[in-house]
Number of protein chains: 2
Amino acid sequence: MAGTRRHGAGRGRPTLEEVAARAGVGRGTVSRVINGSPRVSDRTRTAVEQAVAELGYVPNRVARALAANRADAVALVIPEPETRLFAEPYFSDIIRGVGAELADTDLQLLLTLIRTPKERQRLADYLSAHRVDGVLLVSVHADDPLPDLLERIEMPAVLSGRRSAHETVPYVDSDNTGGAQSAVEHLIGRGRETVATITGPLDMYVAQCRLEGYHAAVRAAGREVEAELVASADFTEEGGRRAMRQLLSRRPDLDGVFAASDVMAAGARQVLREKGRSVPGDVALVGFEDSAVARHMDPPLTSVRQATEEMGRAMVRVLLEEIAGRSDRTAKRPQMVLPTQLVRRESS
Amino acid sequence: MAGTRRHGAGRGRPTLEEVAARAGVGRGTVSRVINGSPRVSDRTRTAVEQAVAELGYVPNRVARALAANRADAVALVIPEPETRLFAEPYFSDIIRGVGAELADTDLQLLLTLIRTPKERQRLADYLSAHRVDGVLLVSVHADDPLPDLLERIEMPAVLSGRRSAHETVPYVDSDNTGGAQSAVEHLIGRGRETVATITGPLDMYVAQCRLEGYHAAVRAAGREVEAELVASADFTEEGGRRAMRQLLSRRPDLDGVFAASDVMAAGARQVLREKGRSVPGDVALVGFEDSAVARHMDPPLTSVRQATEEMGRAMVRVLLEEIAGRSDRTAKRPQMVLPTQLVRRESS
DNA sequence: ATCACAGCTGGGAGCGCTCCCACCGTACCT
DNA sequence: AGGTACGGTGGGAGCGCTCCCAGCTGTGAT
């Protein structure tokens, strides 16, 4: 009865044991070679490596995960509504970066889209069960309970973006304040006198930062910040339209607009066209994100580029560190801010 | 020595055994309840369910996967270059659909981006090792060896799109021919006399189909298909520009263009503007894909919408069938074609 | 020659589950 | 009453690996 295989699939795949037999060594030794332990003689190592090659041995990750109580996987969690709200490229660029950086590891990338509270609960269970080694969280809201849950169960995690200025969890963010500031300085530098801004939802830290950058640039130019020149929206095209109408009715004399996202800039552009204002002739327009939308607008939109793909890569690096360095509890949490860059196009 | 736990993480998570003890039954019985086997008495089932609830038991997928020789995961394979080439929304909409449909299952979604031949090889190894239960392949080229490999190792797989008219592997595709045809019929119906087309790379079946639809519509209108009116490109914006210039120099009298992708239409639009042709006044323009680009063009682009998210969902459904029904080898491979829909906007 | 102590090595135990076989009872037949 | 059948159940074996401990060398110190 011994040796009877029950399952068809996977049949014939060599196991550690078989490699050991062929190399004339014990299981433990093969395991050590596979995992690159230094305590193996060169002689033995060579023998094992040859056996591995001959048999075409590939370790069974599942067995490994079970025995070592690791998962060999990280989860990328994406709150679904966000992918609709934010311009798509952000989302896919992050994935690209994450995927690229993970390719060198042998960690699997698990993608988790969260739509409903039920699914969020399910994820929480899943994570509590330690079925992944770490978590990458994209665009978390300030009131999201997930980061705290992760903290509690000691699951390594990295956020893209901060929830507030005093973020405690490791994160990778881009320099929203600086980017916004440079955008507005650019507008002012081009001689615009009355520069307005369309903000994102101000309960989001990212929107606060971009507004903060606007303020900074206005003040740096020795001007007053006028409340009339600030309209807040929600990162959507429709929101951009509404805010632009508001702004135009309040201050018909405005000649520059900084929108905190390209999509809102697109909405604003439409309203400007409706009202017969030329861009950049009458009104200069700048966006944020440098998404495909910016390039395809007419005229092409000046925008602040964030290194989104690089953010994905950085997140993985930080997460890997977190996973490795969990031991020393005192270590400071790695947090990094990536620079942005103004991309000048015809809209300003 | 018995019962000594070595690993810290996961400590305290109840196991099947503990649930069994608490419910006063055997391991096998608990397993049956968990997996919804019908051969359990109501009495016992209730007792087990209570124990599960009290202990907060969550099955360990890794152990399950090892024991059952399943992986409880499917891989979504995305050839990296494609995600740059194709407009992004396609890619993220597919993911959205796949994620949504998978949420009801307890399969994990593994995302695999393929950039280099080395990574492709790695994936091949990985799949050969049966570490996933099935594979979703996005936009495969005709010469991609992956589908055949999968066939060989009997790994369930579903393609998005076909490689040729005689695709043998299960797939989900949209009605490219029909969509293109309706687009061109629309142009002709609006009174356009000289309708040209910008095609994708003709070694891709999807490009062939869209061209085929163009031909069909032209012929259906009782006209000749003129080679001069066909310019092929590569689904990129730059390609669209080049093709448009070609077309314009060959046939300055053209008054309608069907571009086989929105991105190429965007390129074409730029050239038309350069050359002083108004849209839709002088030239009516239609794209394919109905991506964000289409909505943000000026004027907004009429385009053929494909139900991309639904394609993702359908792919999962088909894959699940494949995984389940692997037993009867004679069953026909499920293949489905989703309808498209013309979305009219101001460009035509 | 003896002892100690390395560096290597083999292999038992165990990770948490599924599979399957043997077994128990009860209901139904002859 | 004995036989048959079958729904329901317990638990051994095993999935392929990692961990760890004991043991086995060979070397250098004594």
Side-chain angles (χ1 to χ4, degrees), chain A residues 1-48 52 55 57-72 106 129-131, chain B residues 1-21 23-48 52 55 57-72 106 129-131 133:
Chain A
M1 181 108 326
T4 312
R5 285 261 203 150
R6 279 170 284 122
H7 313 297
R11 186 58 267 218
R13 285 257 130 205
T15 69
L16 240 208
E17 192 99 40
E18 296 172 46
V19 175
R22 174 154 201 139
V25 301
R27 257 183 12 262
T29 304
V30 178
S31 176
R32 254 160 265 153
V33 172
I34 300 294
N35 294 293
S37 157
R39 5 216 74 239
V40 181
S41 68
D42 286 349
R43 216 184 139 53
T44 313
R45 165 167 289 117
T46 312
V48 171
V52 165
L55 260 31
Y57 171 76
V58 183
N60 182 329
R61 311 176 69 101
V62 177
R64 179 192 302 218
L66 179 61
N69 197 28
R70 289 176 303 174
D72 275 348
D106 47 19
H130 284 269
R131 297 305 174 247
Chain B
M1 180 108 325
T4 313
R5 286 260 201 150
R6 280 168 286 121
H7 314 297
R11 180 62 263 213
R13 284 259 130 206
T15 69
L16 240 206
E17 193 98 39
E18 295 171 49
V19 175
V25 300
R27 260 187 4 266
T29 304
V30 177
S31 176
R32 254 160 265 152
V33 171
I34 299 295
N35 294 293
S37 156
R39 4 216 75 239
V40 181
S41 68
D42 286 349
R43 218 184 137 54
T44 312
R45 163 167 291 118
T46 311
V48 171
V52 165
L55 260 31
Y57 170 75
V58 183
N60 182 330
R61 310 177 70 101
V62 176
R64 179 192 301 216
L66 179 61
N69 197 28
R70 290 176 302 175
D72 276 347
D106 48 19
H130 285 269
R131 295 306 174 250
D133 299 320

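Note that the structure is a prediction, hence the values are computed from the model and not measured. Numbered from 1 within each chain, the chains take letters A, B, ... in sequence-line order.
Residues forming a side-chain hydrogen bond (donor to acceptor under 3.5 Å, both in side chains) with A:S41 (at least two apart in sequence, or on another chain): A:T44. Residues passing the salt bridge (Lys or Arg N to Asp or Glu O under 4.0 Å) test with A:R64: none are found, sequence neighbours excluded. For A:A71, the side chain to side chain contact (heavy atoms under 4.5 Å, CB included) partners two or more places apart in sequence, or in a different chain, are A:D133. For B:A23, the side chain to side chain contact (heavy atoms under 4.5 Å, CB included) partners two or more places apart in sequence, or in a different chain, are B:V25, B:V48, B:A51. Taking the side-chain hydrogen bond (donor to acceptor under 3.5 Å, both in side chains) definition, one finds that A:R22 meets it with A:E54, sequence neighbours left out.
Regarding contacts with the backbone of D:dT18, a side-chain N or O of A:S31 is found under 4.0 angstrom from either OP1 or OP2.
Closest approach to the A:A68 side chain among C:dC17, D:dC17, D:dT18 is made by D:dT18 (side chain taken as heavy atoms from C-beta onward).
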Mind listing the N/O atom pairs, protein and nucleotides 5-10 of chain D, below 3.5 Å?
{"unit_1": "D:dT9", "atom_1": "OP1", "unit_2": "B:S41", "atom_2": "OG", "d": "2.9"}
{"unit_1": "D:dT9", "atom_1": "OP1", "unit_2": "B:T44", "atom_2": "OG1", "d": "2.1"}
{"unit_1": "D:dT9", "atom_1": "OP2", "unit_2": "B:S41", "atom_2": "N", "d": "3.1"}
{"unit_1": "D:dG10", "atom_1": "OP2", "unit_2": "B:G26", "atom_2": "N", "d": "2.8"}
{"unit_1": "D:dG10", "atom_1": "OP2", "unit_2": "B:T29", "atom_2": "OG1", "d": "2.6"}
{"unit_1": "D:dG10", "atom_1": "N7", "unit_2": "B:R32", "atom_2": "NH2", "d": "3.3"}
{"unit_1": "D:dG10", "atom_1": "O6", "unit_2": "B:R32", "atom_2": "NH2", "d": "3.1"}

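End-to-end axis angle of the helix from C:dA1-D:dT30 to C:dT30-D:dA1, from C1' rotation axes over five pairs per end: 50° (rounded to 10 degrees).
In this structure, B:R70 places its CZ atom 15 Å from P of D:dG16, rounding to the nearest Å. Here the C1' atom of nucleotide C:dG16 and the CG atom of B:N69 are 16 Å apart, to the nearest Å. Counting to the nearest Å, the P atom of D:dA13 and the CG atom of B:L16 are 18 Å from each other.
For residues 27-40 of chain A, the set of pairs meeting the salt bridge (charged side-chain N to carboxylate O under 4.0 Å, His left out) definition, not counting sequence neighbours, is empty.
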